[in-house]
Amino acid sequence: MTSLSDLPLRANLVGKSPYGAPQDPVAVSLNVNENTHPIPDEVAADITAALERAVRTANRYPDRDFVELRSALAGYLGHGLSSDQLWAANGSNEVLQQVLQAFGGPGRTLLSFTPTYSMYPLLADGTDTGWIDVPRPEGYRLTPEAVVAALAEHRPSLVVLCGPNNPTGTPLDREVILAAYDAFDGMLIVDEAYFEFDDERESAVTLLEGRPRLMVSRTMSKAFAFAGVRLGYLAADPAVIDALRLVRLPYHLSALTQAAATTAIKHSATMLATVADIRNERDRLGAALTALGYRVHDSGANFVLVGGFADPDGMFEALRARGILIRNLGIDGHLRITAGTEAETSAVIQAITELG
Ligand SMILES: *Cc1c(COP(=O)(O)O)cnc(C)c1O
C-alpha cells in the first residue's frame, strides 16, 4: 500500500489536511451555512426545462465566456455594472483560486484577519502563495486603524476581507474596506458570500468605480439556496477579468451550470424570499442562547458564533448523537450554528437547552 508520504508531494502541501466539514446524513444539518429551505417548485420546473434544452446541445462545448450568465449576474448586482465587469466559476472558492493563480504565486503573499474562512490558507497553499494570518481584535470587529497597521507591517500582495465574516458573523464596515484599499498597492478582495443576509450595509460593488485593485466576490451557495450547483462570481474592473481569463481552464463552466444559474437568477426574488425568515431565525437563535447565558457574537450572516461552552467538543458530539450537526471550529469555548427553518432552529435551541 502506498501512502501519501511515499509520494513526491510539493513541500508546502506536506502534512496538510483537505477541507472536510462532516457530511453526515442527519435530520438537522446546520454546519455549512447552507440555506436549508428547498428550491421553490416553480423555479425548479423552469430550471429543469432550461437543463433539458442545454442537454440537447451538450455535444458542443459551452459558451467559454458565458456571456448570458455574466449579463444576468450584472443585472442582479445592479449599480450600473456591465457584463465585462463580471466573472464566475464553480463556486466562489474557484473564483478565489483563480484570483490567487493570477495575482498570487511564489514570492507573493495573501493576508487576512483570523478567525476567518478556513479555505483562504488552503487556497494560498495550493497556489504557492504565502499566507499571513493577523489576529482580529477582541470581539472580532476590524477597525481602519488595525487594518492599516497590519498592511503597513506586512506589505502583502493580496488581502481578503470577509464581510460578514465566516465563522464569526462580524459585519464589515465600509471605512475598513476604503482604508485597506488605500493602505497598500496590491489586490483587495472583499468576500461577500453572506452579503444578502446583512440588511444594514451597502455592497462593496458600489466602491468599484475608480478602484481597479478591488474585487468583490459573491456566491449562489448561501442566500440563493443553490450550493449544489456550484456557482460563485466576482465583480471588478474589466482588466481584472482579463487577468482571470489567463488562468481559467477552457470551458470551465459547464453548459448545465450556465443554464441552471442563468435561470435561477431570473427568479432571484423568489429564490431570495426566505432570506428575511432566515434572518429572523438567526436572531431568535441568538436571543435564546443569550438567555441561556451563552455569548452570542453580533452576526450579519445566516449563522451565529456562540461562546461560553465549557466543553464544545462534548456539546458538538451530544448534538450529533441527536441528529443535529453544527460546526466545531476549534475556537476556544465556541461553536458555530447555521440558522435553519423554524423547525430546525427550534430543534437546536431545545437540544442545547436540555444538554446545557
Ligand atoms: C461558503 C463560503 C463561500 C462560498 O463558497 P462556494 O465555493 O461559492 O460554495 C465563500 N466564502 C466564504 C467566506 C464562505 O463562507
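As the structure lists them, so they are numbered: ligands from 1, and atoms in each ligand from 1. Index from 1, following the sequence.
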Cation-pi check, R282 onto F303 ring (under 6.0 Å, within 45° of axis):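 So R282 doesn't make the cation-pi contact.
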F113 six-ring centre to R136 NZ/CZ under 6.0 Å and within 45° of normal: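 Not flagged: R136 not positioned over aromatic ring of F113.
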N or O contact, R230 vs ligand 1, cut-off under 3.5 Å: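 Yes; the residue has a nitrogen or oxygen that sits under 3.5 Å from a nitrogen or oxygen of the ligand.
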Nitrogen or oxygen of N90 less than 3.5 angstrom from that of ligand 1: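 In fact, backbone or side chain, N90 has no N or O that close.
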Assess the pair [X] and [Y]: is the distance between their ring centroids shorter than 6.0 Å?
X: Y140; Y: H297; result: yes
X: F66; Y: Y251; result: no
X: H154; Y: W131; result: no

Aromatic ring pairing Y194/F197, orientation class (parallel under 30°, perpendicular over 60°, tilted between):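 Y194 vs F197 ring planes: tilted.
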Sub-4.0 Å heavy-atom approach of N33 to ligand 1: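 Not so, N33 does not reach ligand 1.
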Close approach, C162 and ligand 1, non-hydrogen under 4.0 angstrom: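 The answer is yes, since C162 has a heavy atom less than 4.0 Å from ligand 1.
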Atom CG of D332: over 12 foreign heavy atoms under 6.0 Å: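 Not buried by this count: 12 neighbours or fewer within 6.0 Å.
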Nearest candidate to atom 10 (C) of ligand 1, where distance is taken over non-hydrogen atoms, out of G91, G228, S92: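 Selected option, by shortest heavy-atom distance: S92.
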Nearest protein heavy-atom contact for [atom]: which residue, which atom, what distance?
atom: atom 11 (N) of ligand 1; answer: D191 OD2, 2.7 Å
atom: atom 14 (C) of ligand 1; answer: K222 NZ, 3.1 Å
atom: atom 9 (O) of ligand 1; answer: S221 OG, 2.6 Å

Within the 4.0 Å heavy-atom shell around [X], which atoms of ligand 1 are there?
X: N93; answer: 5 (O), 6 (P), 7 (O)
X: Y194; answer: 1 (C), 14 (C), 15 (O)
X: N166; answer: 13 (C), 14 (C), 15 (O)
X: A193; answer: 2 (C), 3 (C), 10 (C), 11 (N), 12 (C), 14 (C)

Sole residue of R218, R201, K222 in salt bridge (Lys or Arg N to Asp or Glu O under 4.0 Å) with E196: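 Only one option passes, and that is R218.
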